[in-house]
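Let me begin by presenting the structure, written as structure tokens, before commenting on it.
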Amino acid sequence: MQFKVALASLAILATQVSAIPYRRWGADAYVDHPNITDTDILNFALTLENLENAFYWSGLQNFTQADFDAAGLAAPARGFYEQVALHEKFHIDNLTTILGDKAVQPCTYNFPVNGNISNFISLSDMFEVIGTSAYNGAAKFIKDPNVLQTAASILATEARQSAWINNAVRGGNPWSTAYETALDLDQAFSLAAGLIVECPSNNTAIPVQAFPPVTASPADAAPGSNLTLEFTLPSGANNTQLFATFLTGISPISVPLYDESPFTVTIPPTLEGFVFLVVTNSTQKTDDTVTVAGPLFLNFPFNSNNSLVTLAH
Ligand SMILES: *[C@@H]1O[C@H](CO)[C@@H](O)[C@H](O)[C@H]1NC(C)=O
Ligand SMILES: *[C@@H]1O[C@H](CO)[C@@H](O)[C@H](O)[C@H]1NC(C)=O
Ligand SMILES: *[C@@H]1O[C@H](CO)[C@@H](O)[C@H](O)[C@H]1NC(C)=O
Ligand SMILES: *[C@@H]1O[C@H](CO)[C@@H](O)[C@H](O)[C@H]1NC(C)=O
Ligand SMILES: *[C@@H]1O[C@H](CO)[C@@H](O)[C@H](O)[C@H]1NC(C)=O
Ligand SMILES: *[C@@H]1O[C@H](CO)[C@@H](O)[C@H](O)[C@H]1NC(C)=O
Ligand SMILES: *[C@@H]1O[C@H](CO)[C@@H](O)[C@H](O)[C@H]1NC(C)=O
Ligand SMILES: *[C@@H]1O[C@H](CO)[C@@H](O)[C@H](O)[C@H]1NC(C)=O
Ligand SMILES: *[C@@H]1O[C@H](CO)[C@@H](O)[C@H](O)[C@H]1NC(C)=O
């Protein structure tokens, strides 16, 4: 079910980036982010916007209307992507205006596209889902109502972009469940960290950390089938029961991992749409204190009859 072309490569890239140290299992730094400020949240959002902005503008440079046509994409797709790119630029302008000289500058990135427009489309799909879930998860930390209003306004646009890409462009579902999944700050950052090569050394530090990546196979595993997971087992976790916790809407589902070499999990048969998998040592919580690795982004596209489908693009 088309989930991982981009995602597996994402995690592979993540393992190559040494600039960003991974969060240690059980480390208590930043747990629940007790002291996080609106400035931190805005810079966190700006970090994601900078990544999206660089992605769309360079993608539009690389792929012409003729490339979109040759890939069988609908005629208006590229023009709408230009509008998406402009939205990201406006978001950056807005956040930068609020942050002033504290605003983080763009980093350099490694996008696993390799000149292949299919990879561009699937990565764009994932970025919009991550962006939506990141703003969703960050909302509870924002203190200034004006900042919250701005974030809400951006969130809604990211969600529309996400629906357009997965439904109109790719032929899949426009939404996942009745509720959008919220990612916490470290979870969202973990998904972006694998693509960041280097940031300006004087960028304002943001109190977020990336978890170690998870990779999965096979790439076409569907709900109900088995998925093999690879991640670094932290020291001290050898005799601990671990779980694959699937973040879906507001009702996470934890499933025990079995067979340590390699770890395997049966994907809950009820899952649909966009799902994030984190490896945890708890079935009761999904927060940073129990997270071992992840998230891994999964996409189980479905049609109007609620049947799983293969995406057209
Ligand atoms: C999970 O791991 C953390 C960090 O090692 C530990 O503090 C916590 O008690 C564990 N939770 C469970 C339910 O085992
Ligand atoms: C948060 O602030 C309180 C009060 O200043 C301090 O005691 C605590 O160590 C801080 N926590 C973190 C994670 O920075
Ligand atoms: C566009 O091409 C450049 C040069 O090959 C590459 O560095 C960049 O990652 C590409 N961007 C996208 C989104 O494909
Ligand atoms: C582009 O990527 C898609 C998905 O990864 C793959 O199926 C296709 O063969 C690739 N196309 C080319 C020309 O490599
Ligand atoms: C940022 O967006 C908000 C919309 O929520 C708007 O009120 C504000 O004027 C914008 N600020 C700038 C500097 O564009
Ligand atoms: C970092 O340095 C650049 C170039 O000197 C400057 O434009 C930018 O404002 C600086 N950023 C911060 C957060 O100080
Ligand atoms: C998944 O793996 C378990 C344990 O090896 C096995 O019992 C089960 O039959 C497998 N399920 C599928 C759908 O392959
Ligand atoms: C965990 O323990 C098992 C059995 O004691 C051992 O075979 C395996 O190598 C250990 N794994 C790690 C990562 O330490
Ligand atoms: C949905 O099911 C109906 C009735 O079985 C069928 O006519 C229709 O083609 C299906 N639509 C899709 C998108 O599969």
Side-chain angles (χ1 to χ4, degrees), residues 1-10 12 22-32 38 41-42 45-46 49 59 62-63 67-68 70-73 86-100 102-103 111-126 135 138-139 142 144-158 169-170 186 209 211-212 217-220 232-245 252 254 256-257 278-294 299 301 310-313:
M1 298 286 114
Q2 295 260 326
F3 56 66
K4 280 111 225 174
V5 184
L7 326 172
S9 355
L10 237 183
I12 287 159
Y22 294 125
R23 183 193 170 96
R24 199 165 39 80
W25 180 52
D28 60 3
Y30 309 139
V31 165
D32 289 337
D38 284 0
I41 299 290
L42 288 165
L46 183 54
E49 296 285 354
N62 296 354
F63 300 114
D67 295 325
F68 274 71
L73 292 156
L86 273 172
H87 295 164
E88 309 306 353
K89 185 185 173 306
F90 290 141
H91 297 165
I92 288 172
D93 291 349
N94 191 311
L95 298 173
T96 301
T97 303
I98 300 172
L99 282 161
K102 293 200 178 72
F111 299 120
V113 173
N114 301 319
N116 181 328
I117 195 167
S118 302
N119 294 338
F120 172 77
I121 303 284
S122 64
L123 263 182
S124 74
D125 202 358
M126 183 179 69
Y135 277 99
I142 298 174
D144 178 340
N146 293 317
V147 172
L148 184 58
Q149 166 73 74
T150 300
S153 188
I154 294 175
L155 187 161
T157 296
E158 301 274 339
V169 177
R170 309 191 75 188
D186 289 349
Q209 291 185 324
F211 293 110
S217 61
D220 61 352
T232 303
L233 190 65
S235 63
N238 199 1
N239 292 314
T240 306
Q241 176 63 57
L242 297 177
F243 303 88
T245 294
S254 290
L257 294 183
V278 283
V279 177
T280 64
N281 68 328
S282 170
T283 57
Q284 304 304 312
K285 297 201 282 189
T286 63
D287 68 15
D288 295 348
T289 61
V290 298
T291 300
V292 171
N299 187 3
T310 300
L311 293 169
H313 296 286

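We count ligands from 1, going down the list as the structure has it; atoms in each ligand are counted the same way. Just so it is clear, the model here is predicted, and its values are computed rather than measured.
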To the nearest 0.5 Å, atom CG of Leu148 lies from atom OG of Ser153 at 11.0 Å
Region of Thr289 that comes within reach of ligand 1 [heavy atoms, distance under 4.0 Å]: backbone
Taking Asp93's backbone N and O only, do any of them form a donor-acceptor pair with Thr96's side chain (distance below 3.5 Å, no angle check)? no
Under the ring-ring contact (aromatic ring centres under 6.0 Å, His included) test, which residues partner Phe63, sequence neighbours left out? Phe120
Side chain to side chain contact (heavy atoms under 4.5 Å, CB included) with Asp38: which residues, sequence neighbours excluded? Ile142, Lys143, Asp144, Val147
Any nitrogen or oxygen of Ser118, side chain or backbone, less than 3.5 Å from one on ligand 4? no
Do any nitrogen or oxygen atoms of Ser282 come within less than 3.5 Å of a nitrogen or oxygen of ligand 1? no
Asn114 side chain vs Asn116 backbone, donor-acceptor pair below 3.5 Å: no
Protein neighbours of ligand 5 with a heavy atom under 4.0 Å, given by chain and number, are Asn94, Thr97, Gln149, Thr150, Ser153
Taken in chain and number order and not counting sequence neighbours, the residues that satisfy ring-ring contact (aromatic ring centres under 6.0 Å, His included) with Phe211 are none
Expected output: side-chain Gln241 to main-chain Leu257 donor-acceptor under 3.5 Å: yes
Residue part near ligand 4, for Asn119, under 4.0 Å between non-hydrogen atoms: side chain
Between Thr245 and Thr280, a side-chain donor and acceptor under 3.5 Å: yes
